[in-house]
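Each remark here refers to the structure printed beneath this line.
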Amino acid sequence: MQQIRFPQNEFQSFEAPMRAEIDIRGLEVVQGEVPEHLDGGFYRLLGDRQWPSFTENDIFLLNEDGMASCLRISNGRVDFRTRYVRTPRFVAEEQAGRALFGAYRNPFTDDPSVQGVRRGTANVTMLSHAGKFFALKEDSPPVEMDPFTLETIGEYTFGGDFTSEACTAHPKIDPRTGELVFFGYCAKGPATKDIAYYEADRTGKIIHETWFEAPYTCMVHDIMVTQNYVVFPITPLRHEYEWLEKREPAFKYDTGEQVHLGVLPRKGTADQIRWFVGPNQCHGHTVGAYDDGRYIYADNTLSVRSFFPFFPNVDGSPFDPEDTKPYMKRWVIDMGSEGDTFTERQLLQYPCELPRIDTRFETQPYSFCALNLLDVPGQDRVGGGWQWIATMDVTGKKPTRIRYAGHNCSISEPQFVPAHDGAAEGEGYVLVVVGRHEEMRSEFLILDAQNIDGPPIATVALPMRVRSTGHGFWYGKRQLMGETHLLGAN
């Protein structure tokens with residue numbers, strides 16, 4: 001008899017695995033009114049382990065089965081649905097009735113029965129493009145899903161044209177052309193230097209492919225895309241094959257390695273890439289990026305070392321929480337220079353992450369950004385994690401607005417939705433899920449993007465907790481149907 005017991009670790013209570021596929025029709029609106037013209041879905045993808053881990057001291061956040069959820073909005077009503085992403089890994093374990101895959105990104109720790117089975121968990125991001133809908137995890141190909149039922153269709157390779165072993169969880173859609181800009185690192189397998197770069201046109205057909213090698217193996221979680229360039233941040237969260245063979249953590253932070261920024265012209269070839277070098281730091285997520293023909297302006301969240309405590313330092317130095325606090329910085333790269341350096345400056349005084357812009361301004365000059373704050377000096381905090389949500393103007397022309405979720409609460413990644421097709425930048429709504437830990441429940445907030453610290457436009461109650469991890473994206477119905485590539489309210 002197999003006893004099902006989950007380890008007693010920090011991911012208990014509110015953040016314990018839910019292991020439930022849920023359907024709720026008509027969530028209760030407990031405050032305000034849901035705008036009737038909103039027609040689409042707020043999709044969140046997070047980890048939710050199907051079975052207790054196969055290995056001791058496993059990484060719960062990153063190594064859990066993908067659970068897709070949707071807050072479907074239409075005619076002022078909000079429905080809720082969750083479904084597991086049925087990856088090859090999930091199916092193998094479902095059939096066995098137990099976990100079979102071992103430590104994060106390490107195939108040497110798996111049960112021999114699943115050798116050669118794809119290990120991806122599809123638990124990071126959901127993407128809608130060209131009438132297709134995907135769950136993404138950066139160590140495997142996209143997994144296609146039905147955006148309305150959340151049923152899994154299967155792994156997707158763009159008709160066989162996608163040949164990389166992995167696909168990023170942070171692709172970009174160029175709003176001018178509808179092109180999908182994406183890549184895969186470790187493109188030939190675990191701990192390889194290979195990066196495969198792709199662009200697909202607005203119909204979803206791959207129209208460009210380029211392969212090159214990074215200066216060293218590492219996690220390349222996100223990229224920066226402008227109208228003329230794509231920037232690959234090579235920062236030293238290293239990934240070495242010998243660590244996998246020794247059953248050590250798959251990633252470690254190397255405090256002795258420099259940052260390398262690989263700048264490739266859009267639709268460029270490997271011989272056109274230029275490398276720029278800067279001081280040691282760890283890349284989190286891209287905010288926005290654009291160029292003026294000579295200078296590239298790329299805004300990112302950056303910390304002294306990796307945000308994750310389970311990735312140790314290569315030199316064995318102790319974990320320092322202060323070093324993990326990410327700050328928003330602007331990198332400026334002079335493509336007209338003959339040098340290999342770049343400059344940077346900090347844009348926000350607060351530690352922050354999970355930044356989201358008005359994606360109609362992706363690849364272009366922008367100002368509006370919504371994001372989560374880890375700490376606000378002078379304001380009391382009770383509990384851990386992201387407890388403030390903010391909106392800011394990266395040009396500094398408007399003041400930063402901050403909303404505190406409350407004691408013992410957590411805030412998921414925000415999502416901006418324009419009020420209508422012709423809305424000005426930042427005119428619209430910010431969607432966010434808040435976990436109220438003391439009450440063991442969650443709620444969905446629709447906020448005025450220009451008055452985020454004011455009363456919500458609507459507060460929608462969920463009758464249970466929803467784990468706070470995971471990225472969130474809004475897709476209007478027209479975008480889900482492939483009728484437009486632009487972010488919209490419907």
Would you check if the side chain of [X] reaches a backbone N or O of [Y] as a donor-acceptor pair within less than 3.5 Å?
| X | Y | result |
| --- | --- | --- |
| E413 | G472 | yes |
| R465 | F14 | yes |
| S128 | F133 | no |
| H129 | H485 | no |
| D58 | A103 | no |

K205 vs E179, test: salt bridge (Lys or Arg N to Asp or Glu O under 4.0 Å). Steps then yes/no. CA-CA 9 Å; K205 177 179 175 54; E179 292 171 334; over 6 Å; no
Measuring centre to centre across the rings, with the benzene-like ring taken for any Trp, is [X] within less than 6.0 Å of [Y]?
| X | Y | answer |
| --- | --- | --- |
| Y290 | Y297 | yes |
| F108 | Y241 | yes |
| H471 | Y43 | no |
| F311 | F251 | yes |
| F212 | F232 | yes |
| F42 | W474 | no |
| F182 | Y198 | yes |
| H283 | H221 | no |

Just by distance, no angles: are the side chains of E240 and T217 close enough, under 3.5 Å, to form a donor-acceptor pair? yes
Just checking, R19 and W51: is the charged tip under 6.0 Å from the six-membered ring centre and within 45° of the axis?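 Relative to the ring axis of W51, which defines the angle, R19 lies inside both limits.
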Minimum heavy-atom separation for C186 to A191, with atom names?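 So the minimum-distance heavy-atom pair works out to SG-N, 3.6 Å.
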Once rounded to the nearest 0.5 Å, what's the spacing between atom CZ of R86 and atom OG1 of T152? 6.5 Å
Looking at [Y] and [X], is any side-chain nitrogen of the basic one under 4.0 Å from a carboxylate oxygen of the acidic one?
| X | Y | answer |
| --- | --- | --- |
| E248 | R105 | no |
| E362 | R360 | no |
| D194 | K188 | yes |
| E199 | K267 | yes |
| D174 | R266 | yes |
| R49 | D65 | no |
| R305 | D323 | no |
| D110 | R119 | yes |
| K172 | D222 | yes |
| R118 | E155 | yes |

Side chain to side chain donor-acceptor pair (under 3.5 Å) between Y253 and N280: does it pass, once the steps are laid out? CA-CA 10 Å; Y253 193 77; N280 180 282; 2.9 Å; yes
Suppose we screen for salt bridge (charged side-chain N to carboxylate O under 4.0 Å, His left out). Which residues come up paired with [X], at least two apart in sequence or across chains?
| X | value |
| --- | --- |
| E151 | R83 |
| R89 | none |
| R274 | none |

The residue among L431, V466, L27 that forms side-chain contact (heavy atoms from CB on, under 4.5 Å) with L71 is L27
CA sep, side-chain torsions, deciding dist, call: R98, E93, salt bridge (Lys or Arg N to Asp or Glu O under 4.0 Å): CA-CA 6 Å; R98 64 184 182 93; E93 293 188 334; over 6 Å; no
